[in-house]
Amino acid sequence: MNKLIVSPSPHVHGKQSTNSIMMDVVIALLPATLVSVYAHGLNALMLALVGVVSCVLIEWLIQKFIFKNTVGWCGSAAAVTGLLLALNLPPTAPWWLVVVGSIVAIGIAKMTFGGLGQNIFNPAIVGRVFLLISFPVLMTSWDASGSWFAVDAFSGATPLGAVKEGLANGLTLSQITADNMSFSEQFFFSTGGSAGELSSLALLVGFIYLLCRKVVKVTIPLTIIATVFVMCGIFHLVNPELYTNPVFNVFQGGLLLGAFFMATDYVTSPMSTKGQIIFGVGIGVITVLIRYFGAYPEGVSFAILIMNCVVPLINKYCKPRRFGEAK
Amino acid sequence: MKRTFRIGGVHPNDNKISKNAAIEVFPAVETAYISMAQHLGAPANPVVAVGDKVKVGQVIGEPNGFISGYVHSSVSGTVKAVEPRADIAGNPVMNVVIAVEGDEWCEEIDRSTDIVRECSLTCEEILARIKNCGVVGMGGASFPTHVKLNPPKDKKAVALILNGTECEPYITSDDRIMRERPVEILIGAEIMKKVLGVDKCYVGIEENKPEAIASMSAAAEKFDGIEVVVLKKKYPQGGEKQLIDAIMHRQVPSGALPIDVGAVVQNVATSLAVYEAVQKNKPVIDNSVTVSGHCMASQHNYLVRVGTPISKILEVAGGLPENAAKVVSGGPMMGKAVVNLEAATVKANGSFLIMTAEETVRKRESNCIRCGKCADACPMGLEPYLLNKLARVGGLYDELEKERIFDCIECGCCLYTCPSNIPLLDLIRINKAEVMKIMRSRPKK
Amino acid sequence: MTGTILFTIACLVVLGLLFSVVLYFVAQKFKVEEDPRIEIVESIMPGANCGGCGHAGCHAFAEAVVKAPSVEGFFCPVGGNATMAKVAAALGQEAVEKEPMVAVVRCNGSFGNRAKTNQYDGYASCKVMSALYTGDTACKYGCLGLGDCVSACKFGAIKVNPEKGIAEVDENKCTSCGACVKACPKGVIEIRPKGKNGRRVCVSCVNKDKGAVTRKACSVGCIGCGKCAKACPFEAITVENNVAYIDFTKCKSCRKCVAECPTGAINAVNFPTPLPPKPAPAATPAPAPQNETENK
């Protein structure tokens, strides 16, 4: 017989591993990716592949040549960042845009902090925001000529962008009519927005998969969506000519993508349920404020980044309910 | 809706593969090694010398202090040695080694299988019997039962809780005794109810043991104030505080004892031992032990005499298979890995698991991804990732105390659930001991 | 345009002045009066803040020395005699010379000498391991080789030799601060005098088991036979709990015990010549640490 193994308890381990969790996230993002490929053709597929490959490659290179340690390296986590980044770009963006985004996302937002689990900001969002500020035209407009299908709606800007522009020119919402979309159009399939914003249904399917696999909890997305809905509802009731309706706000501009897949990133979100509620409400409020009053038509990315900053503080002050403490 | 505790918990595969193996009486051994440290507290003082003849049930060790207990011979024969021997972890413990000759029992012990329900003894007499028969908590903690059944006068118990949850995977010894000897367990509960002066007794059983629930429920119909409570399957339901929370919906505050919320928790096996001690005058000389593992050719539940070497048990159970890599005394979540197979069983041993390397070897640790799964799983509402981080810095005992490391029950949920395979509990455990030591050394207010 | 620039400059200047005044008063308010000698002594200290002297750090040490009537009883193991002489001079006192010390790992149970009997699979810490059980060899007293001492050492002077699985001290780097002694759960490490020219004799074993048990567990364990105690002309060796101990205050480094030891548990370090009387295999000296440092 071999030598006995001796270890402290417990002697068994659960099935989840970092790698399996990250692969689950990749799987959950596949429906949204497929929708974008369906709508925009091979360019969308190319973007997703370039995003994944460049993120994984950059992280591996940094691990290998700067950290000089690839032992505990988790490539699937980088793949998630790459895929998210690709889904955050216009489906018609050029390939080098993703590569630049990957370098910023992995090289600056993730690895400078020490790699997996150490970063303060969500890498994919840092990449996206960098691109958004550096290449605003490329990031907010596209031509639909590469599509496999004839696409007639919004070839210039996202619905949120159209609204913002219209309001800036002194129009009222009823004159702009960009938010006047049917519910089914918003929920199942629309052509405006970046690759990951096309179909709310696809995002929801992916998110439900994550819930079933017990990878994420529903707290953060639910509070974000509820906050946005309630806040927009109040504003919309006060002045429907100036403020877009809440349903439009929930389904547009990557709110669902951000709420389901980016705000729920483990590393950059709070641990306790109480903290997650604060985090979600914060993102919701900041998103609405930016959309209604800010310079940018879209605010989810900024909202998540801003709330990322306060996560350490939230973690410090929001403790889970200890056993034996009165409710 | 079935009840369960409110904070944390995990759902390991229960692997109750030995549940249909009826309890077999383990064959007699040639030599018994009886440890003097079979209870929490000070080890007993051996009161026999080399060459003495002893009978089954004879006292061979006397208590050494308030929290201590009697130890009895589980065999008849001649004392061969009184010497320190390595326990399962290799640490030396005083043992009485007895060469077995025949099977001669002390006359006072009632060896018939008749069930005696009437108990005319007073509470003091009952407690004395429990003490003299060396009954300890059989769930694993081995706290002397007579101490637990005799709470301070200013604290009043409201209910007795029998712990039949057996929430650890693999183990089925409690399941088997609940199926095979329900009436005796409940008579033990009735006796303990009398001692504690409570009217209510709950028997908590997890839903994955339908046969035990059926047999205990049927038996409970003939008793007043005993209720079988079916609980959801969730680990660590068998933890004292978790079980009280699940059944009575009360949470024992930090630093307090179960009696502070009016509860006394006893294992079903302890209840059986109380029955045997009080009604049959039989000391704790044997207990039921599960020997199980996917790699074993057959699964067993044995009635094993105290002092039987583990190697002997494994041999009778079919021998250690070629691919066995670890032997665990207790369950896979909280049990101890056995280093020394020559060590002998003690009263509180409930099971021996045989695991292969694939089932048990730890995976390589990777970076913490701050998923918070450990905090979600912690049944005490602690933050294991934070405790681990502080512990790795070293010396931050004040911070660890502030984060209530002393509340940790070492259930292992955090390490079980961690996707990065971080050995959270390993460090928390030793730092908890250090913090408790500092706390105890402080003058009491 | 010029107006804006001027306004901005003026604003910043006013703000700067305002803050400097505030800062000045705050600094005055929170100023801590301290014996100036404390700062002087602290500047002499090595600044390792290792706590080897028994104080919380170099500043605490300086404070204590300045407050104490004499430097006697104070010693900085890192700076050694040189530092203490300077400290004494700064305070206008005579320094007391102290023998240089070094940490000694009293275990030679390398993989070859002490076979593994089981496989440890937990967090790599001696503390965790020893809290769990006696260790992965049949010897329950020796070095566990997981390196709690390595992480405790602030000077990189102790390493676990991967080929032997036991801790080894680099005596050129060791400051005898004693951090490793505190970190070792097995109590294997001892602070001993370096000896003349670094030459010293030490029993490399702390196994308290009976001889037969020790012999089974490790080929170089002390079996407590007492031959060394009989051989010692200076009565420096005592055998207690089945293990010999050389009292360094009495030992004259004659190496008679080394030749006598049947298992080779007694190590002579840094002697240039091999032992004259018995060419026993036991007399192999411990690896010379100097060579190791040169290689780095």
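Chain letters run A, B, ... following the sequence lines, proteins first and then strands; every chain starts at 1. FYI, side chains are in, hydrogens and waters are out, and symmetry mates aren't considered; it's all heavy atoms of this structure.
For C:Asp121, the parts sitting under 4.5 Å from any heavy atom of chain B are the backbone and the side chain alike. Proximity to chain C (any heavy atom under 4.5 Å) is shown, for B:Val361, by both the backbone and the side chain. For C:Lys140, the part lying near chain B is the side chain, with the backbone staying farther off; criterion is any non-hydrogen pair under 4.5 Å.
The side chain to side chain contact (heavy atoms under 4.5 Å, CB included) with B:Cys408 is formed by just one residue from the set B:Leu387, B:Leu425, B:Asn431; it is B:Leu425.
No other option in B:Pro423, B:Ala433, B:Ala86, B:Gly394 has as many heavy-atom pairs under 4.5 Å with chain C as B:Pro423.
Both tests hold for C:Lys98 against C:Phe75: distance to the six-membered ring centre under 6.0 Å, angle to the ring axis within 45°. The cationic group of C:Arg192 lies under 6.0 Å from the six-membered ring centre of C:Tyr245 and within 45° of the ring axis, placing it in a cation-pi geometry.
Residues B:Ser329 and B:Lys336 bring no donor and acceptor atom of their side chains to less than 3.5 Å of each other.
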